[in-house]
Amino acid sequence: MNHEPLLLATPSGDVLNLRPEGPWTAANVVTLETLSRSVGADVDRSRAVTLDMSGVSALDTLGAWVLEKLSRRAASSGRSAEFVGVADHFSGLMDEVRQVNRHTPAPTAAPNPVLARLGDLGKSTVGAREDVTIFLEMLGALFMAVIGVLRRPRSLRLTSLVYQLYRIGWQAIPIVALITFLIGAIIAQQGFFHFRRFGAESYTVDMVGILVLRELGVLIVAIMVAGRSGSAYTAELGSMKMREEIDALSTMGLDPVEVLILPRVAALVIALPILTFIGSIAALYGGGLVAQFYGDMGPAIYMARLHEAISVTHFEVGILKAPFMALVIGIVACSEGLRVKGSAESLGRQTTTSVVKSIFLVIVLDGLFAVFFASIGM
């Protein structure tokens, strides 16, 4: 066994055969650098380089890196470089060293802006398809959980359902009533201000009643619930995912959808119509106060005009939207919570995504319902 490292260079036509021998370790760093420099010119003149490592008796990271630099020196000019005879107990180290500082070369030309836009569009399309797939998977999982509860009513987490109703329903009443009250008052004030020019102040009541009961009441409440309760759902489930509590439930033989998601979504579906009713009444009351103090319209006249302007159909249109909006909010919030990875950054990103997606889908759903109810004459 050689006690000093050697590097034998044997030209064979256009191929340079390099045969390192002995211990290629950090203890011989000066010798290794000298040997490497001594064959540099031969490497540059050759069209291919072969490094035969069958004679290496000892190898560490430094020795492997010196040999890798010789290989990269040959490959940098388009030449081929190949390692042969690597012992099994050295192959892992050589593989690791080969991956060091491997950078993709920068593009030589600026990308075509049209192709870049098309690429972004393609990525967005793939992302949208993934979102739709996740939404449908969660909807299917919820449906199967409901079937399971109908077959085994005792499996329903009644305590969790009541607690979620208290959180997203009862505790949300003050803020929902306040915001919708202000919205109704603002709409009425603007209506009186503009309709007064045409002597049509009384039509402000029609506008407030129809707009609140059919559209704004349920839409404003749904957006508030998406921002308040949807974000809370995503953060809660995301924290459980980060702490592996959901995996622990699965290990215990419990269905996370049935235990965690079904009570939350069911509470949303139950609470949102109730909050919509309360919010609509608060908005009509706000419009009535503005009519009395700003439009010189007494409560009796306001109520009579409101009775003429609206019907049960307008109320039904708004209330029928609420459960579907609640279902969309719940599915999006819970699915985004389950997509959280193991970092706080991921939790914040998915919570933001949950709120944005929920509000977007609620508005889209409201538009679809508006077209549908108009087509059937409601």
Do P5 and P20 come within less than 4.5 Å of each other through their side chains, counting heavy atoms only? no

Short N-O contact, R339 and D131, less than 4.0 angstrom: yes

I want to check something: taking the side chain as every heavy atom from C-beta on, are V257 and L142 in contact at a cut-off of under 4.5 Å? yes

On a heavy-atom basis, which atom in V149 and which in S155 lie closest, and how many Å separate them? CA-OG, 3.7 Å

Taking R167's backbone N and O only, do any of them form a donor-acceptor pair with W170's side chain (distance below 3.5 Å, no angle check)? no

Is there a side-chain contact between T34 and S38 (heavy atoms, below 4.5 Å)? no

Does atom CZ of F324 have more than 12 heavy-atom neighbours, drawn from other residues, nucleotides or ligands, at distances under 6.0 Å? no

E336 vs V332 side-chain heavy atoms within contact, under 4.5 Å: yes

Could you tell me whether the side chain of S250 reaches within less than 4.5 Å of the side chain of P256, counting heavy atoms only? yes

Decide if atom OH of Y203 counts as having more than 12 heavy atoms of other residues, nucleotides or ligands within a radius under 6.0 Å. no

Salt bridge between E215 and K321, side-chain N to carboxylate O under 4.0 Å? yes

Should the ring pair F373 and F369 be called parallel, tilted or perpendicular, given that the plane angle runs from 0 to 90° and is split at 30 and 60? parallel

Assign the ring pair F277 / F315 to parallel, tilted or perpendicular, where the plane angle (0 to 90°) is split at 30° and 60°. perpendicular

Is it the case that one hydrophobic cluster holds both V208 and F293, taking links as side-chain heavy atoms less than 4.5 Å apart, direct or via other members? no

Counting only heavy atoms not in H307, do more than 12 fall under 6.0 Å of its NE2? no

With a 4.5 Å cut-off on side-chain heavy-atom distances among I, L, V, M, F, W and Y, is there a chain of contacts connecting V312 to V205? no

Test item: side-chain donor near acceptor, R214 and T313, under 3.5 Å: no

